[in-house]
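Everything below concerns the one structure shown next.
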Amino acid sequence: MPKLTNTPRKIVAFTGSGISAPSGISTFRSAGGLWEQHRIEDVATPEGWAKNPELVLQFYNDRRKALSAVAPNEAHRCLAALEERFEVVVVTQNVDDLHERAGSTQVVHLHGELRKARSTLDDTTIVDVGYSAIHIGQMCPRGGQFRPHIVWFGEEVMLLDVARQHITEADRFVVVGTSLNVFPAAALAWHAGATAKKFIIDPDPPETPPGFRVIRGSAEIELPVLTRQWMEKP
Ligand code: OAD
């Protein structure tokens with residue numbers, strides 16, 4: 001069906017830890033990033049969980065506590081503000097809640113959410129734990145230990161089809177703060193349509209598919225520039 005002329009254009013932002021870096025959240029692979037300080041195998045795999053669940057819970061309890069002490073930055077706020085004029089979907093690899101706290105209403109979390117716990121007995125029993133710790137012995141009503149609602153390496157990415165659909169429909173697609181290292185999520189960058197206007201914002205941009213305008217710089221500086229342009233010239 002042809003689009004009505006007054007139909008707002010659709011913007012999809014595909015975000016990674018770099019958008020939350022100016023808020024004080026660690027990235028994973030930059031110098032001093034989380035994966036320099038912790039072994040992925042120990043804290044972000046089902047095998048790590050089987051071997052030492054206390055260590056895994058501690059790792060994510062620390063992340064959750066750190067999240068409670070930070071706030072969204074200008075980049076998160078810009079994506080929320082764009083909703084005044086456009087349909088905006090944020091597809092994020094981040095497990096923080098900074099997009100939601102900035103006011104974004106359509107956020108697709110590919111790698112789970114720090115504020116949630118789910119039962120090891122039943123994937124559909126998911127609870128909001130806020131910023132509090134999950135402990136050994138914290139059980140669902142059926143007696144399954146709660147674990148972080150996070151996608152570990154080797155586990156299935158959440159909502160991949162939903163994310164892909166949004167990205168294919170985007171008129172404007174902006175990739176912000178991801179090294180595009182972790183698949184299958186990273187492959188989404190290749191799914192924007194040929195006619196979509198495509199941008200990547202990153203101080204150290206990864207290789208992107210053809211057709212992207214590369215904006216070298218920090219998200220909280222460059223996303224406001226792009227947002228102003230889009231608000232003035234929808
Ligand atoms: P990475 O640490 O791999 O990449 C962070 C990216 O953000 C890099 O390209 C940086 O250059 C960029 N960056 C740093 N500061 C920035 C700023 N101020 N503004 C904009 N960009 C900035 O993090 P991700 O790509 O998010 O998954 O990592 C993807 C996944 O790997 C994560 O979701 C996580 C991790 O393992 C799981 O744990 C499953």
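Whatever order the structure lists ligands and atoms in, that order sets their numbers, starting from 1. This structure is a prediction, so every number in the text was calculated from the model and none was measured.
Aromatic ring orientation, Phe173 versus Phe14: parallel (interplanar angle below 30°, classes split at 30° and 60°). Relative ring orientation between Trp190 and Phe183 is described as tilted, the plane-to-plane angle lying within the 30° to 60° band.
With respect to Glu155 and Arg147, a salt bridge is recorded, a charged nitrogen being found less than 4.0 Å from a carboxylate O. Taking the charged nitrogens against the carboxylate oxygens, Asp97 and Arg115 do have a contact shorter than 4.0 Å, which makes a salt bridge. Note on Asp62 versus Lys65: no salt bridge recorded, every NZ/NE/NH1/NH2 to OD/OE distance being 4.0 Å or above.
Both the backbone and the side chain of Ser17 come within contact range of ligand 1, each with a heavy atom under 4.0 Å.
Counting only heavy atoms of the protein, atom 36 (O) of ligand 1 lies nearest to Trp35 NE1, 2.9 Å. Here the protein heavy atom with the shortest distance to atom 17 (C) of ligand 1 is Gly18 O, 3.3 Å.
Contact atoms of ligand 1 toward Pro22: 18 (N) (distance under 4.0 Å to a heavy atom of the residue). Counting the atoms of ligand 1 from 1 in the order shown, those under 4.0 Å from a heavy atom of Gly16 are 26 (O). Listed by atom number, the atoms of ligand 1 under 4.0 Å from Val151 heavy atoms are 39 (C). Atom numbering of ligand 1 starts at 1 in the shown order; those under 4.0 Å from a heavy atom of Asp204 are 9 (O), 11 (O). Within the listing of ligand 1, atoms 29 (C), 33 (O) sit less than 4.0 angstrom from a heavy atom of Gln93. Remark: ligand 1 atoms within the under-4.0 Å shell around heavy atoms of Phe153 are 36 (O).
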### Task
Evaluate side-chain hydrogen bond (donor to acceptor under 3.5 Å, both in side chains) for Gln93 paired with Thr178, printing each intermediate quantity in order.
CA-CA 8 Å; Gln93 296 165 88; Thr178 170; 3.0 Å; yes

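Checking Glu222, His111, Arg29 against atom 28 (O) of ligand 1, the nearest heavy atom belongs to Arg29. Closest heavy-atom approach to atom 12 (C) of ligand 1 within the set Asn94, Asp202, Thr45: this belongs to Asp202. Nearest to atom 22 (C) of ligand 1 by heavy atom, out of Pro203, Ala21, Pro206, Ala219, is Pro203.
Both the sub-6.0 Å distance and the 45° axial angle are not jointly satisfied by Arg64 relative to the ring of Tyr60.
Two rings, from Trp230 and Phe199, have their centers less than 6.0 Å apart.
At least one heavy atom of Val182 sits under 4.0 Å from some atom of ligand 1.
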